[in-house]
Amino acid sequence: MRRLFVLAGTLLLAFPAGAMAKGKFDPAEEWTLHEWIPIHLGPLDLSINKAVAYILLSALVTMLLGIGLMRVKTGRDPTRKQALGEQIYEIAQTQVAEQGLPTKAIGTWFPYVATLMLFIWTMNMLGFIPLPLSDERFTLLGVELPTLGIFAATSTLSVTIALALMTFVFTHVEGIRHNGPVKYFRSWIPDVPKALYPLIVPLEILGQFMRLISLSVRLFANMLAGHMLILTFIGLIFVLESAVVAFVAIPFAAAFYLFEVVIVVSIQAFIFAALSAIYIGSAIEPGH
């Protein structure tokens, strides 16, 4: 029961302050990215905003996790930290790299898929921890401070497209490097009568770009849906202005919160890294 109250308190602290106004709530406002530090290079908008801040924080935490868990001294009796690091390494190697990459490419691309898995997991997990990185402010003793909020960088499509685009580019670069452009692009075309080429070739080309869409949209949609459900259930309390609704809304929000943290966060990171390994591996050895 104590844990339930702590979780409920966490959810309320993470709820945007602007939504506390009675009868007003729009969860989509949380995904309106305001410029913190404007940076414009011609048509390119490279401004620092909430999503960028979460990406930078996730990169820092990922590096700290990698150094703290992997660069440990081995002893006769392994510590919990060492055992956890070895378990993460084993999952990345046996379940991700070895399942998707050919043997000759594991040494080259294992660091990428392992880092990708840990980085996405960190971004997903930080998205469910209330942090003072919101666009809304409150005043304390005359000082304006940011409110606590939950926000996942992976719940914005631009971030997931950028991650998927890296895998997309690496896939075709490796395919051309190992097979040559003619052999690689010819491997896209299945063994069918030439009369069907006008129909098959456009579909195969479209299928390659669908990989980019599937990678980015899958991660984006799962993380966005989880945050939207949590915010919506908590928002019902203030929209309906009823304490009775809280007895229903808070347990449902807590259940979705736990489901996202315990299951979705890890599964989505694993799937993204595993598919990246499969796509790169299939480009290196198209016949397998």
With rounding to the nearest 0.5 Å, note down the distance linking [atom1] in [X] to [atom2] in [Y].
| X | Y | atom1 | atom2 | value |
| --- | --- | --- | --- | --- |
| Met63 | Thr115 | CE | OG1 | 11.0 Å |
| Ile48 | Ile55 | CD1 | CD1 | 9.5 Å |
| Ser47 | His40 | OG | NE2 | 3.5 Å |
| Phe256 | Met228 | CZ | CE | 13.0 Å |
| Gln208 | Ile213 | CD | CD1 | 12.0 Å |
| Arg211 | Leu206 | CZ | CG | 12.0 Å |

Side-chain touch [X]/[Y], heavy atoms, less than 4.5 angstrom:
| X | Y | result |
| --- | --- | --- |
| Leu131 | Leu57 | yes |
| Gln268 | Glu260 | no |
| Val264 | Phe259 | yes |
| Leu215 | Tyr279 | yes |
| His34 | Asn49 | no |
| Ser58 | Phe119 | yes |
| Leu163 | Met123 | yes |
| Val217 | Thr160 | no |

Acceptor/donor pairs from residues 88-111 side chains to any protein atom, 3.5 angstrom cut, sequence neighbours excluded:
from: Thr94; atom 1: OG1; to: Glu90; atom 2: O; distance (Å): 2.6
from: Gln99; atom 1: NE2; to: Thr94; atom 2: O; distance (Å): 3.3
from: Trp109; atom 1: NE1; to: Glu174; atom 2: OE1; distance (Å): 2.8

[X] and [Y]: side-chain donor and acceptor closer than 3.5 Å?
| X | Y | value |
| --- | --- | --- |
| Thr167 | Ser276 | yes |
| Tyr184 | His172 | yes |
| Trp121 | Ser266 | yes |

Glu35 atom CD, over 12 foreign heavy atoms within 6.0 Å: yes

Enclosure of Met210 CE (heavy-atom neighbours >12, cutoff 6.0 Å): no

Nearest atoms (heavy-atom pairs only) where [X] meets [Y]:
| X | Y | result |
| --- | --- | --- |
| Gly66 | Leu118 | N-CD2, 4.4 Å |
| Pro190 | Ile200 | CD-CG2, 3.5 Å |
| Ala51 | Leu33 | CB-CD1, 3.9 Å |
| Phe220 | Thr156 | CD1-C, 3.7 Å |
| Lys81 | Gly68 | CD-O, 3.1 Å |
| Pro130 | Leu148 | O-CD2, 4.0 Å |

Do [X] and [Y] sit in the same hydrophobic cluster, where Ile, Leu, Val, Met, Phe, Trp and Tyr count as joined when their side-chain heavy atoms come under 4.5 Å apart?
| X | Y | value |
| --- | --- | --- |
| Val262 | Phe128 | yes |
| Leu60 | Leu126 | no |
| Ile278 | Leu212 | no |
| Met223 | Ile129 | yes |
| Leu69 | Leu116 | yes |

Residues forming a side-chain hydrogen bond (donor to acceptor under 3.5 Å, both in side chains) with Thr122, sequence neighbours excluded: Thr62

Residue pair Arg218, Phe272: steps toward the side chain to side chain contact (heavy atoms under 4.5 Å, CB included) verdict: CA-CA 9 Å; Arg218 180 187 293 106; Phe272 198 102; over 6 Å; no

Residues that Val173 engages under side-chain contact (heavy atoms from CB on, under 4.5 Å), provided they are two or more places apart: Val169

Phe209: side-chain contact (heavy atoms from CB on, under 4.5 Å) partners, not counting sequence neighbours: Phe168, Ile205

Any donor-acceptor N/O pair, Asn179 side chain to Pro286 backbone, under 3.5 Å: no

Stepwise side chain to side chain contact (heavy atoms under 4.5 Å, CB included) check, Leu229 with Phe252: CA-CA 9 Å; Leu229 284 171; Phe252 271 100; over 6 Å; no

Working for side chain to side chain contact (heavy atoms under 4.5 Å, CB included), residues Leu133 and Phe151: CA-CA 9 Å; Leu133 292 175; Phe151 175 82; over 6 Å; no

Residue pair Glu204, Ser187: steps toward the side chain to side chain contact (heavy atoms under 4.5 Å, CB included) verdict: CA-CA 10 Å; Glu204 289 297 326; Ser187 68; over 6 Å; no

Under 4.5 Å side-chain linkage, directly or through intermediates, the cluster mates of Leu203: Leu199

Members sharing Val182's hydrophobic cluster (side chains within less than 4.5 Å): none

